[in-house]
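Before any comments, here is the structure.
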Amino acid sequence: MALLVQKFGGTSVGDAERMRTVADNVARTVRRGNQVVVVISAMGKETDELLRMAREVSSTHPGREMDMLVTAGERKAMALLCMAIADRGVEAESFTGSQAGFITDTVHTNAKIVDVRPDRIRAALDAGKVAVVGGAQGVSTDQNVTFLGRGGSDTTAVALAHALGADLCELYTDVSGVFTSDPRLVDDARKIDRISFDELLEMTAAGCPKPAMRSVEYARTHGVDLHVRSAFTWEHGTMVSKEADDMEQAIISAVVHDTDEAKVTITGVDDRPGIAGQLFRALADALVNVDMIVQNTSAEGRTDISFTVPHGDAATAQATCEALQRTLGATGVTTDDAIGRVSVVGAGMKTHPGVAATVFETLAANGINIEMISTSAIRISCVVAEAELERAVQLLHTAFALHDGPALVD
Ligand code: ASP
Ligand code: MG
């Protein structure tokens, strides 16, 4: 007998028929002799709908009330799923985040878990019931309902799997697993059978939309094995676990991309100690979240600094730089919105030389200019013009023959 946490995303429970299909699967899993805890998201686009309603009724959105509102989506879904499961002769009980023992900090709309005390979930399981838990929610240390943020249900599932000592956490979604690239861009993108926490974490940080990055971080920290799979075809998906020493390492596992950032450049700043410190302190004080940073070699005591920020922070970043322009001796500040970032990720590149060279040569051979580069031990990212991004992704996917299956490090 295994203890499984099964998380179902919004599209998986989008309407009554989907609810019944999910209930069928839960009942089937129970009949095979497993204990099951379900974590459920709000149905379909319900969370967006609730946010839209909030905007419609008011321009004032206090965090406490927003969290009370948004968590209602999951509450509705969990009760409905319990009814559908009961129809199949299996007992199920629903639990809010608070009832399930999720204690969070007091940061509304994006709360962080500080403790999980799933006593009531254990009791339900001991009584032979399925526990259905509302995702992305908890109760704060000052006793208010909190929301863990968009994609928070993934984190709920992983945290619960850890707290219960579950055998596996299954994240059911509308795709059949983690792919070597976005299948909408790359025709021959392939489903990955196994991947390490580290690689998936790099992928989610570089634009892979699912699972939510925070949940992958949590899984890595606590060693919670994941199975990312489809609630539509129920086929075997992608297993995510610690990189084992005897596991064959793919040189490159995936090519991911994002278009969420803009590039800000401040030109002609003085090249002397303290300039970067002043600039990035001012940006930090303005709560701008800086990602990639490049400083050019200087010519005649002057240099350019470019950095990327989320689109939403670009205007603040531009204004902050302009305010500092004189102090820094800068000649200008520009923002480029039309950039994209392509990243190749693979644990095998740690021991395999030439990956960076192949990335740069491939882009060069196809006339794609690289505007910025950043790397980690297992990732190489290039910023290119947004108009070239799709082609860059396709070219790199082909260059590393990812359609063929992973090239392994021996
Ligand atoms: N329903 C919420 C969202 O759409 C949270 C979640 O289920 O992950 O972001
Ligand atoms: Mg953009």
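In listed order, ligands and their atoms are each counted from 1.
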ask   = Sub-3.5 Å donor-acceptor pair from the side chain of D225 to the main-chain atoms of L168, do we have one?
value =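 No; zero donor-acceptor contacts below 3.5 Å.
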
task = Examine distances only and state if a side-chain atom of D67 and a backbone atom of T109 form a donor-acceptor pair shorter than 3.5 Å.
result =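 Yes: the side chain of D67 pairs with the backbone of T109.
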
[X] heavy atom under 4.0 Å from ligand 1:
X	answer
G152	yes
G151	yes
E46	no

inquiry  = Give me each pair satisfying ring-ring contact (aromatic ring centres under 6.0 Å, His included) with a member in residues 129-177, each pair once, sequence neighbours excluded.
reply    =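 Listed once each, the pairs are F8-Y172, H162-H222, Y172-W234.
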
key: Heavy atom of the protein closest to atom 4 (O) of ligand 1 (residue, atom name, distance)   =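 Scanning the protein heavy atoms, the shortest distance from atom 4 (O) of ligand 1 goes to R150 NH2, 3.1 Å.
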
ask   = Looking only at protein heavy atoms, which one is nearest to atom 8 (O) of ligand 1, and how far off is it?
value =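 Its nearest protein heavy-atom neighbour is S153 N, 2.9 Å.
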
ask   = Going from CG on L201 to CZ on R379, what distance comes out if it is rounded to the nearest 0.5 angstrom?
value =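 Result: 10.5 Å between the selected atoms.
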
What side-chain donor-acceptor pairs closer than 3.5 Å can you find for residues 392-405, not counting sequence neighbours?
from, atom 1, to, atom 2, distance (Å)
Q394, NE2, L185, O, 2.9
H397, NE2, T180, OG1, 2.7
T398, OG1, Q394, O, 3.0

inquiry  = Between ligand 1 and E74, is the shortest N or O to N or O distance under 3.5 Å?
reply    =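 Checking ligand 1 against E74, an N or O pair does fall under 3.5 Å apart.
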
